[in-house]
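Proteins come first, then strands; the chains are lettered A, B, ... in the order of their sequence lines, and each starts at number 1. Everything numeric in this text was worked out from a predicted model, so none of it was measured. No hydrogens, no waters, no symmetry mates; every other heavy atom, side chains included, goes into these values.
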There are 2 protein chains.
Amino acid sequence: MGHSLLASFQRDGRRVTRPRKAILAVLERTRHPMSVSEIHTSLTRGKIAVDLVTVYRTLSVFKQLGMVSRVEFQEGQFRYELCQGRAHHHHIRCRGCGHIADLMLCPLKKVLAMVERETRFLVEDHSLEFIGWCPQCR
Amino acid sequence: MGHSLLASFQRDGRRVTRPRKAILAVLERTRHPMSVSEIHTSLTRGKIAVDLVTVYRTLSVFKQLGMVSRVEFQEGQFRYELCQGRAHHHHIRCRGCGHIADLMLCPLKKVLAMVERETRFLVEDHSLEFIGWCPQCR
DNA sequence: GCTGTTGTTGCAAACGACTTGCATTTATCA
DNA sequence: TGATAAATGCAAGTCGTTTGCAACAACAGC
């Protein structure tokens, strides 16, 4: 596990702990953005006792270190996925079964400059999520 | 106030009440998406006593009737703005002061077909919000 | 390896956004 | 004007997330 991720930790004076290793492992073996409670449930099912609060705090640290990105699908909760070398991308989520698929495209590259020109904002981030019906549910 | 909006109400067997008129008025005189508590505070400051719960329920009705659209900026809460004839659009929000500006463009029209082709989802909705720094805060 | 420092954890409790249940009020219509 | 059914207010509950604090455990230095 860990590898370079583990390194980003200690570089920052942070400690490599059992909960952090376990949470990282869960994220590594999942290929869609997970909610905090999904991660916690996964740990529990794997007989790894980690407090829900620790999951929150760990994800917050991961996010600060740029290890995970936070996504939101108008669900009233956040989801997290590992960045680790993956290109910037977006998602689509099914209203029926909740399945989330990656979109390996970001159609916004050209738009950013236009947005900055139009609004005089400095664009730092953007969120783009699609919602629809997957092949099984449509 | 109201006009055609008022009509959408009664058409549906719904009633035009004091809280609903007041909430509609608040939305009409504001030009950015408001959170529920912002709306409630605005009512309270205007000496209009409306329960917070009623604001939630009213916005839910407005949304069902297609009168408002719901936006979210990775804040952990939703915001609402009147649709009333306004074209589909997106927003940009300042990390510093929280100011929200409209973007009168949607660069995704051409992308939707591509997304549907790639994922075989039926795309029903999308959310696209930018986050950055406004001219004053940058 | 032992030990001290200090970052991290677990637990309890708080918080904020949002929802639900229910008795009371009130818009609407005959 | 009165009946009725929708809407409101209030209290309480849910759910996601955060905070306070004492106990714990990495890990650096001995």
- prompt: Counting just side-chain N and O atoms, does Ser37(A) come under 4.0 Å of either OP1 or OP2 of dC15(D)?
  reply: no
- prompt: Given that Val53(B) and Tyr80(A) both sit by DNA chain D, which one's nearest nucleotide is further toward the 5' end?
  reply: Val53(B)
message: Starting the side chain at C-beta, find the nucleotide from dT9(C), dT8(C), dT19(C) nearest to Arg14(A).
response: dT8(C)
statement: Taken to the nearest whole Å, CD/Glu38(A) to P/dT17(D) is 11 Å
- request: Whole angstrom is fine here: how far is it from CG in Leu65(B) over to C1' in dA6(D)?
  value: 14 Å
- request: Would you indicate, yes or no, if dG10(C) has its OP1 or OP2 atom less than 4.0 angstrom from a side-chain nitrogen or oxygen of Thr54(A)?
  value: yes
message: Check the phosphate of dT28(C) against Gln10(B), side-chain N and O only, distance under 4.0 Å to OP1 or OP2. Yes or no?
response: yes
- prompt: Under 4.0 Å between a side-chain N/O of Thr17(A) and OP1 or OP2 of dT9(C), yes or no?
  reply: yes
- request: Remember a base hit wins even if backbone is also touched, and classify Leu52(A) as base, sugar-phosphate or nothing at under 4.0 Å, heavy atoms.
  value: base
query: What's the CZ-C1' distance between Arg20(B) and dA27(C), to the nearest Å?
result: 10 Å
- line: Assign each of Val36(B) and Val16(B) the nucleotide of DNA chain C bearing its closest heavy atom; nearer the 5' end lies the nucleotide of Val36(B)
message: Do Arg14(A) and Phe9(A) form a cation-pi contact, if we require the NZ or CZ to be under 6.0 Å from the six-membered ring centre and within 45 degrees of the ring's axis?
response: no
- prompt: For dA25(D), does either OP1 or OP2 sit under 4.0 Å from a side-chain N or O belonging to Arg18(A)?
  reply: no
query: Whole-Å distance between dA7(D) P and Ile23(B) CD1?
result: 13 Å
field: Length of the line joining Gln77(A):CD and dT18(D):P, which is rounded to integer Å
entry: 13 Å
query: Do you know the tightest heavy-atom contact between Asp102(B) and Glu81(B)?
result: OD1-OE1, 4.3 Å
query: With respect to the phosphate group of dT19(C), does any side-chain polar atom (N or O) of Tyr56(B) fall under 4.0 Å of OP1 or OP2?
result: no
- prompt: Just wondering, are more than 12 heavy atoms of other shown residues or ligands nearer than 6.0 Å to CZ in Arg86(A)?
  reply: yes
- line: Taken to the nearest whole Å, CG/Asp51(A) to C1'/dA22(D) is 14 Å
statement: Winner on side-chain proximity to Pro19(B), out of dA12(C), dT19(C), dT8(D), is dT8(D)
- request: Test for a donor-acceptor pair under 3.5 Å between the base of dA5(D) and the side chain of Arg15(B), counting only N and O atoms.
  value: yes
field: Steps toward side-chain hydrogen bond (donor to acceptor under 3.5 Å, both in side chains) verdict (His90(A), His126(B))
entry: CA-CA 11 Å; His90(A) 296 281; His126(B) 64 269; over 6 Å; no
Identified salt bridge (Lys or Arg N to Asp or Glu O under 4.0 Å) counterpart of Arg79(A) within the set Glu129(A), Glu38(A), Glu72(A): Glu38(A)
query: Looking only at atom types and distance, does a side-chain atom of Arg20(A) sit under 3.5 Å from a main-chain N or O of Arg15(A), one as donor and one as acceptor?
result: yes
- prompt: Heavy atoms under 4.0 Å, any strand shown: does Arg57(A) hit a base, just sugar-phosphate, or nothing?
  reply: base
task: Using whole Å, report how far NE2 of His40(B) lies from C1' of dC10(D).
output: 12 Å
message: Distance check needed: dT17(D) P versus Lys63(A) NZ, whole Å only.
response: 13 Å
